[in-house]
Structure formats: C-alpha cells, structure tokens
Amino acid sequence: MANSSIESPTKRAIIELKKKEGNSTCADCGQKDPDWTAITFGIFVCIDCSGVHRSLGAHLSKVKSVGLDEWTEEAVTQMTNFGNLKSKMIYEARVPLCWKRLAPTDGPVCREQWIRAKYDRKEFMSDKTDESIPYTTGPKKGNLFKKKKVDNVWQSRFFVLDKSTLKYYKKMTDPVPTESIELLDLNVTLNGQIGHPNAMQITAVIKGRTRNIFVYAESGQDIMNWFCAIRASRLKLLQEREPGKNPEEFYPLLSHDFAKSGYLHKTPPNKLKYQRRYFLLNQNRLMYLEKPTDAFPLGEIILGTEAESFSVEEGSSHDTGSSDSSFILNTPIRSYPFLAETPEEKLSWIAVLRASIEKAHTFAGPLTPIDTYGDD
C-alpha cells in the first residue's frame, strides 16, 4: 500500500524544493543532502544542525523533517519564500573575518555558537557594526580554566589578550605573567581532544618545541568570544604587516584545525616493540604525545618536501612484521614504521601525510627539516 504522506502535494512540493540551488546542502554547515528544516528561517539543515535549532526553542526556530513530518501549505509557502540562499543573504550578510565559518566536521561548541550567533543573537545581519560586537575590537581580559602542565587538574587563571600577545596570570593581581606568547606564534582551535564542551586548545612553537595549552570557559559563548578575539587580533597584526593586501586573503592564516589526530603505534629508535601514542598533524609538524592533553609532545617530526627525501608508503619494515594497518614515513634521517588502529585509518593517515609533504614548502618552520627529541 502506498504511503499517502509521500504522495501528498505538500510533501512532493517540499521534496522538489530541496532540489533547488542552495537547498541541497545544509544552510549552516554545508553538509550534503539535508533532511531537516528550520521553517522559521525557511532553510534546509542537516540532522546535527537541526538539533541546535531545536534547542533554541520553537519560539525561535521551528524544526520539521522533510520526509517524516506532515507538511501544511503554509509551511511549504514559508520554505518557498526563503530557501537557503535568500536566508544566508539575510543572516550571514556581514560575517566578521574573525569568525570561522561552520564546517560539517566542526565540534558541538562551534556548531551551537554559529547557529546562535546567526539566528538568536543576529550578530551577522547587515545592521551590525564591529563596535557592537565586542570580540572584533580591542583587548580582552577574563578568567579561563586552564589545565596544569603535568596533572589533570584545571585551575582558574586570568588571561589577557592585548594587541600582540596572549598572557595568563595565576592571579589577576600578579605583576608578571606566568606565560606570554606572541599572537603570530600561536594557533587556536575549538576542535581539539580536550573532553570539555567549551574548550579551546592553544598551540605555540616556543624555542623550537610545541607547547599545548588547554583551557575552557563556563559558557560556549565566552569561549567562542575568546576564539574570535584572538583571530581578530591576529588579523590586525597581519594587516599591519601587509597593509595593501585584501583582508580576505588573511582568512586562512587566522587559525587552523589539525589536519588529523588520533592514535598510532610507533617504535622507538633501535627497538622493535610498538608503543601506542597520540599523534597530531599540525600543518607540517607531526607530534606524538602519551595523552591527548599533554602540555608537551614526546617528540616531533618536521616534514619536508619529496625533493628533500620525505615520503610515505604502505607496508612495514621487515623488522616489525607485516600488517594491513602498517605504513612507513621516510625522512632523510630515519624511517618511521607505524601501525594504525584499522586499515581505514592507515589510508587516512597516508593521505594527510602525503598532502602535508606536498605542501611542506608553504609552511613556516625551523631551518632544519627534522626536529625530534627524546628517544621515545
């Protein structure tokens, strides 16, 4: 027996409307083939973004499934009158460069704050100015919870973002900061493996070694404001350095997520036994840690180009045995046999490492192609 809801004129109309230009991807994150809608704004969204819209409350955003719910003529008319492209012109009319536009792979705090900024706080509408959005102007000060270097203990610390540095103090009244990092030497991401929903990972190369600083705020909006404020300050510094450049060209330089992260098994030098380590690929710096939230990596491999004898290949050395999940990273100094958790993860790591090697000449870094320490 045919499903009457599928055959109804309103159901057919909404399915056809989804095929129109702009409606075949999520209006918020760009995920392909969205099966949900936010009728209030006349948009098609993916299931993850629909959950955030639902959390806003029906008084702000009414959510309906394309295929599972019944459709009234009034609802279809609302969707027809707007659609993803028209809605974006309204609610994304003026997105500051310091905002990282939402991607399908972004974590919960990025997704929630992007959607709340768009539709609840209406921060990106045409009548907004930089002066009305605090994270785009001037310095920022406040307390964040920071993880200690050694222990899994989080302590409140006073952070100060000024024109060119990010500092933190044990107490607001301390005359000297515990640590001060130049803004152009650091990177921030909200997609790290920290375990707290409102967390941010700050990464900086200090004296040739990567330093990871993990912080979280009590609210998602606060951590997003810190994230955007750091990006906004970096943008101003870059513009001062190259005043004639189009500001849009600086967008990729404001921050970046790790190309890949996850566990791999590696062998220390001159040893055959594999050890499980957590790896992060930060542009051309492949670092490995004992735990994802370690302040310092056990070691790092600075990737160079293929012309500099860097390569990745499937298989394993005869010393470590063969496996469907094994691969080798070759460098001018040493070959690193790795064992991934699954064959699929092996292929993923090979792909991102080869991409990094191909682009290694575009990354800023030390003069030496390899920078490792310790014997792990």
Side-chain angles (χ1 to χ4, degrees), residues 11 13-71 75-125 128 133 135 189-194 196-200 217 219-225 227-228 231 251 255-257:
K11 181 62 68 69
I14 203 67
I15 291 174
E16 287 301 313
L17 189 61
K18 181 183 165 183
K19 298 176 184 178
K20 288 195 172 183
E21 182 183 3
N23 293 342
S24 60
T25 58
C26 175
D28 292 323
C29 74
Q31 179 68 48
K32 294 180 180 179
D33 197 23
D35 287 326
W36 292 81
T37 65
I39 299 174
T40 309
F41 309 104
I43 56 174
F44 292 84
V45 295
C46 68
I47 188 170
D48 291 328
C49 289
S50 74
V52 180
H53 277 272
R54 196 181 299 278
S55 72
L56 298 179
H59 63 291
L60 284 177
S61 184
K62 188 175 181 181
V63 177
K64 187 182 284 285
S65 168
V66 171
L68 301 177
D69 292 327
E70 295 294 333
W71 282 84
V76 172
T77 299
Q78 172 73 357
M79 296 294 296
T80 304
N81 289 341
F82 285 90
N84 288 7
L85 295 183
K86 184 175 180 180
S87 182
K88 279 173 174 282
M89 291 176 63
I90 298 171
Y91 295 99
E92 294 183 22
R94 196 175 183 278
V95 181
L97 281 178
C98 63
W99 259 92
K100 178 182 177 293
R101 290 179 177 270
L102 186 65
T105 55
D106 282 333
V109 69
C110 295
R111 194 178 303 273
E112 179 183 6
Q113 292 307 311
W114 172 257
I115 291 172
R116 286 190 176 276
K118 275 179 69 173
Y119 306 109
D120 186 7
R121 301 192 293 268
K122 297 181 173 60
E123 294 181 12
F124 310 145
M125 296 186 74
K128 293 291 184 179
I133 306 175
Y135 51 73
T189 178
L190 297 174
N191 291 319
Q193 301 296 315
I194 302 174
H196 192 283
N198 303 324
M200 179 170 67
S219 75
Q221 185 176 354
D222 190 26
I223 201 67
M224 182 58 75
N225 285 349
F227 178 74
C228 290
R231 283 169 55 93
Y251 180 82
S255 71
H256 58 268
D257 291 331

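Keep in mind that what you see is a predicted model, and the values were worked out from it rather than measured.
The distance from the CD1 atom of Ile223 to the CG atom of Leu190 is 6.5 Å, given to the nearest 0.5 Å. To the nearest 0.5 Å, atom CD of residue Glu112 and atom CE of residue Met224 are 9.5 Å apart. Residue Thr40 holds its OG1 atom at 10.0 Å from NE2 of His59, rounded to the nearest 0.5 Å. Separating the OG atom in Ser255 from the CZ atom in Phe227 is a distance of 3.5 Å, to the nearest 0.5 Å. Atoms CG and NZ, from Leu85 and Lys20 in turn, are 11.0 Å apart once rounded to the nearest 0.5 Å.
Here Tyr91 and Phe124 keep their ring centres 6.0 angstrom or further from each other. Residues Phe41 and Tyr119 bring their aromatic ring centres within 6.0 Å.
Phe44 pairs in a side-chain contact (heavy atoms from CB on, under 4.5 Å) with only one of the listed residues (Leu17, Asp35, Thr25), which is Leu17.
Counting heavy atoms from C-beta on, the side chains of Thr37 and Val66 come closer than 4.5 Å. Side chains of Asp28 and Ile43 form a contact here, defined as non-hydrogen atoms less than 4.5 Å apart. The side-chain heavy atoms of Lys122 and Arg116, taken from C-beta on, include no pair separated by under 4.5 Å. In this structure, the side chains of Ile115 and Leu56 come closer than 4.5 Å at one or more pairs of heavy atoms. Two residues are said to be in side-chain contact when any heavy atoms from C-beta on lie closer than 4.5 Å; Lys118 and Met125 fail this criterion. Residues Val95 and Arg101 are in side-chain contact: their nearest non-hydrogen atoms beyond the backbone lie under 4.5 Å apart. Using a 4.5 Å heavy-atom threshold, the side chains of Arg111 and Cys29 count as touching.
The cationic atom of Lys64 (NZ for Lys, CZ for Arg) lies less than 6.0 Å from the six-membered ring centre of Trp71 and within 45° of the ring axis.
Here salt bridge (charged side-chain N to carboxylate O under 4.0 Å, His left out) pairs that include residues 81-90, with residues two or more places apart or in two chains, are Lys88-Glu92.
When all heavy atoms of Lys128 and Glu123 are compared, the closest pair comes out as CG-O, 3.4 Å. Contact record, Val109 with Gly220: CG2-CA, 3.9 Å, taken as the closest heavy-atom pair. Closest non-hydrogen pair, Leu102 versus Cys49, comes out as CD2-SG, 4.1 Å. When all heavy atoms of Lys11 and Gly67 are compared, the pair lying nearest together is NZ-O, 3.2 Å. Nearest heavy atoms, Thr189 versus His256: CB-O, 4.1 Å. In terms of heavy-atom proximity, His53 sits nearest to Ser61 at ND1-OG, 2.8 Å.
Every residue meeting the side chain to side chain donor-acceptor pair (under 3.5 Å) condition with Asp106, not counting sequence neighbours, appears here in chain and number order: Lys100, Asn191. Trp99 meets the side chain to side chain donor-acceptor pair (under 3.5 Å) test with Tyr135; sequence neighbours excluded.
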